[in-house]
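Atoms considered below: every heavy atom in the structure, side chains included; atoms not considered: hydrogens, waters and symmetry mates. Positions are given from 1, in the same order as the sequence printed here.
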Amino acid sequence: MFDPFMSALAFISAADGESAPVASDPVLAARPVETDAQEIVVLGTRTVPADRTLSSDMVTERMSPSSRSLERDLLTAASAYRLSDALELISGVSNQNNRGGFLDNFAIRGFLGTPDGGAEYYVDGFLANRGMGPPRDPATAERIEMLKGPAGALFGDIDPGGRVNIVSKTPRFDPSAHLVLTYGAFDTRRAELDATGPITGTLAARIVVAAEDSDGWRDFVPLKRRVLAPSLTWMPLPKVRFTYVGEFTEFDAPFDRGIPAVNGDANALPRDNFYGEPADGVTRFRNQRHQLTTLANIGDRLILNGGIAYRTGSLKGFSSDQSRLVGRALWRQRRQRDFEVEDLSARLELTGALGEHRASIGVKAYTLDYQERWMRRNPTAANPYPIDIYDPVYGGSPPALLPFINNHETRQVATFYVQDMWSMNDRLTVSAGVRIDAYRQKIRNLLTNRTATITDEPVNFRVGVRYELSRIFAIQANWGESYLLNSGTGRLGDGFSPEQGHGYELGLTAAWPGIDLALTWFDIAKQNILTTDPVDASYLAPVGKLTSRGIEFDASVKLAQRWQVVANYAWTPARADDAAFATDAVLNVPDHSATLFAIARFLDAQKRGVSVSFGASYVGDRAGGLDANAPRLPAYVKAKAAAEYAFSPQFSVRLEADNLFDKRYAQSSYSPVWIYPGAPRTVRASARLSF
C-alpha cells in the first residue's frame, strides 16, 4: 500500500521553487524542429506541445483525416471521469461490456476487442492493457489521441479501425502545482494533486496523485480508486531528452454484472438493483507501469526515438454472476478470478527528413506472461443459487467452486517496419509502409495439460495519398492490412488464430481559421474476431467475418476566443457474417450516433470570470446479445452541463451535472442477463487551487 498524499506533499517544496524559476522551459526549447508541426486536429487548447516519444508520429497524424486530439482543458470541461466520457467527443466510438466495472472497453468503427479483454489502447505509445488493464484515471492524462483508419498507426502498429493513445503528464521546468477537491452525488469524495518543477537546470520532476471513494450509484457497489504517477525528465544535452513515467494504480469495487432484460426490455428493472452477493466482497485490481523513453537529434536531419516499458497487474476476487432468468428467479453462477500479467515492451525508431521524404525505420518487441485462473460453479435446477429480480434478498449459501479455466499464456513478438511520406509537390503527398512481425504464442491449459502453440511471420502493408485541392480543402485516401493476436481458449480448449483485416477510407477535410471539418467514408473487414460463443456464453468464439462500412463527420469550431463547439456524427452499419450466429448484429454498435458539446469562457484580462459548458450525446438502438431472442438496447439522448467561476488564476469553483435530465438508458451489454445500466443524474462540486 502507498500513501499518495504524503508522497505528493513531500514533492511540492521542490515544485514551488527549490531552484529559481526558469525563464523558458528547456524541454520545449529543445524540441526537434521537424516534429513541431501540429498536423492532428486539436480539440481544446494545447498548452504543452506534443512529445514525440509519447505521442503519435507526424506522418500518422498528417495521413489520418478524421484523427483528433482531446486536450486537457476539454477533458476537464467535458467531465471526463472515465475513458468512455472522453471518447464521446469523437465520432464512431461505442461503449462495450465493462467486465463488471473493471474495464475500459469500446469499439471503433464497429470493431471491438474481445468481450472479456476489451479494446486495446496505448499509453505513451506502448500498449497498456495487453492481457488486462485497469480503468484509466483522468488525472494522469495530458491528452487523448484518437488515430483513425488504416493510417492510424503508432510506432508501426496498424489497425484499420483506429487506435487510442493516452499521453501522460510529464515534468515541466516551469514550476506549478494545483489541488482539486471534489464532492458529489452518492457520497463521492475525490482529490487530485499535480505538482511539477525543476530540481536542477537539467532535471525536472512531476507527481500526480488521485484518490476517489464513493458509495456508488448502484446498491452495494462502492468504489475505491488510488493513483500515484511520478515522472522525471533529464536533459544531459540540449538535444537529448530522457523521460521516466511511473504509474501505480489500485482499483477496488464489487464485481457488478448489471441487470437482466425482462421480456426483451433492457430497462424493465430498477437500474440500481444489484444481483450479485455483497458477501463476495470487493474485487481488487493492482497495476504498476514503468517506462523510460528518449529522443535525440542526430545532426540536423535524423531523430532517434526509443523507449522501454514494463507493466505488472493482478485482478483477484469473488462474484455471483447472473446466469439464467427463470420466471422472477435469477439463477446465478459463482466465480472466483485470479489473473496476473507481466508485460515488457521496447521500441526504437530512426526518422529522417531527406529532401521531400520523411522516412522511418523501426524495430519493436514485447514479451507477455499472462495467467488466467478461474473457479466457478454453474447453477442447476437442484441448486440454482437464485435471487428474486423484483425483491432481491442477499445471504444465500454459495455453492462450492470447481476448476473452470487455468491458462498460462506466453508471447514473444518482434517487429520490423519501414515507412515513408513523400511530398511529391506542394499539393500531393504519398505515404507507404511495410511491417513484418515474427511471433510465437503458447497457451498451456494447466487443467488438461494441453498446449497450443502458434508461430508465424505475417507481412502487412499500408499506403496513403493526400491531395490539397486548395488552402482550405484536402482529400485523402488510405488502405491498410492488420493482424492481432487473440488470447485465451474456446469451449473445446483450443487457442484462436489471430485477427486479420484490411480497410479502406476516403476523406475530405476543410480548415478555416478556427474551423476544422472532416467527412470520412470507410470500408473495413476482419476475420477471426472473438465474441460471445453462441453455444455457450461462458466462452468466446471467433466470428467468421465482420464488415463495417460507414460515414463519419467531425467538426470543431472556435469563435472569438470565447466559444468552442465540438460536433460529430457516425453511421456505422457493422454486420457479422457467420452462419453459427443467429443474427448478423454486432454487440453494442449502433447504426447512428452523434455528439454536440459547447464551451463558453467569459474571462477578463486577469483571468477572472465564468465558464460554462453543455452538451448532449445520441446513441441509437443496438444489439444487446447475439442469440435469436436477444433484446435491443433502446436509443437514448444523454445531456451534461457545467459552470465554473474563477475568482483568480489561482482559485476557481465548479458545478457539473452528468445525465442532466436523468435519462434511463442501457449503456452496454454482454448478454441478455448482463446489461449494464447508465448512471442516473450525477452532480459534483469541486474547488481548484493553483500555486
Side-chain angles (χ1 to χ4, degrees), residues 39-43 56-57 59-70 87-94 106-112 119 144-154 158-165 421 428-431 462-470 472-482 501-512 515-526 546-557 565-575 586 589-597 617-620:
E39 299 289 346
I40 196 169
V41 174
V42 171
L43 303 182
S56 54
D57 179 77
V59 176
T60 294
E61 294 183 355
R62 182 173 177 80
M63 302 305 292
S64 304
S66 56
S67 294
R68 296 293 183 267
S69 175
L70 304 172
L87 297 182
E88 288 179 351
L89 298 169
I90 302 175
S91 64
V93 183
S94 53
F106 49 87
I108 303 173
R109 292 182 171 177
F111 291 94
L112 52 152
I144 299 175
E145 300 170 336
M146 171 63 81
L147 305 169
K148 291 284 194 71
L154 279 171
I158 302 171
D159 188 277
R163 292 291 194 197
V164 171
N165 182 45
M421 183 174 71
L428 180 61
T429 303
V430 177
S431 70
R462 68 180 176 101
V463 295
V465 178
R466 183 177 190 270
Y467 185 77
E468 295 186 9
L469 300 170
S470 67
I472 295 174
F473 296 99
I475 57 173
Q476 291 167 276
N478 290 292
W479 171 85
E481 299 175 308
S482 69
H502 62 269
Y504 310 81
E505 69 175 1
L506 179 65
L508 173 66
T509 60
W512 296 267
I515 301 175
D516 287 285
L517 306 177
L519 181 66
T520 307
W521 169 85
F522 60 88
D523 185 328
I524 309 170
K526 277 189 180 184
L546 193 154
T547 302
S548 181
R549 301 180 181 92
I551 296 173
E552 294 173 344
F553 173 75
D554 289 271
S556 174
V557 180
V565 178
V566 175
N568 65 64
Y569 165 76
W571 175 56
T572 315
R575 297 294 182 265
V586 179
V589 176
D591 281 2
H592 303 277
S593 60
T595 293
L596 178 66
F597 187 76
S617 296
Y618 168 78
V619 178

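- Crowding of Arg575 atom CZ: a count of heavy atoms from other residues, nucleotides or ligands under 6.0 Å exceeding 12.
- For Ala555 against Leu517, the heavy-atom pair with the smallest separation is CB-CD2, 3.4 Å.
- Shortest non-hydrogen contact noted between Gly110 and Val586 is O-CG1, 3.7 Å.
- Not one N or O on the side chain of Thr572 forms a donor-acceptor pair closer than 3.5 Å with the backbone of Ala574.
- Under the 6.0 Å cut-off for aromatic ring centres, Phe553 and Trp521 do not qualify, their centroids lying 6.0 Å or more apart.
- When all heavy atoms of Lys148 and Ser91 are compared, the closest pair comes out as NZ-O, 2.9 Å.
- In terms of heavy-atom proximity, Gly464 sits nearest to Asn478 at CA-OD1, 3.3 Å.
- A pairwise comparison of heavy atoms in Glu88 and Thr595 identifies O-OG1, 2.9 Å as the closest pair.
- Closest heavy-atom contact between Arg68 and Ala518: NH2-CB, 3.2 Å.
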Subject >> Evaluation steps, side-chain contact (heavy atoms from CB on, under 4.5 Å), between Arg109 and Thr520 >> reply: CA-CA 11 Å; Arg109 292 182 171 177; Thr520 307; 3.6 Å; yes
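- Aromatic ring orientation, Trp512 versus Phe473: perpendicular (interplanar angle above 60°, classes split at 30° and 60°).
- Inspection of the Ser64 and Arg163 side chains reveals no N or O donor paired with an N or O acceptor under 3.5 Å.
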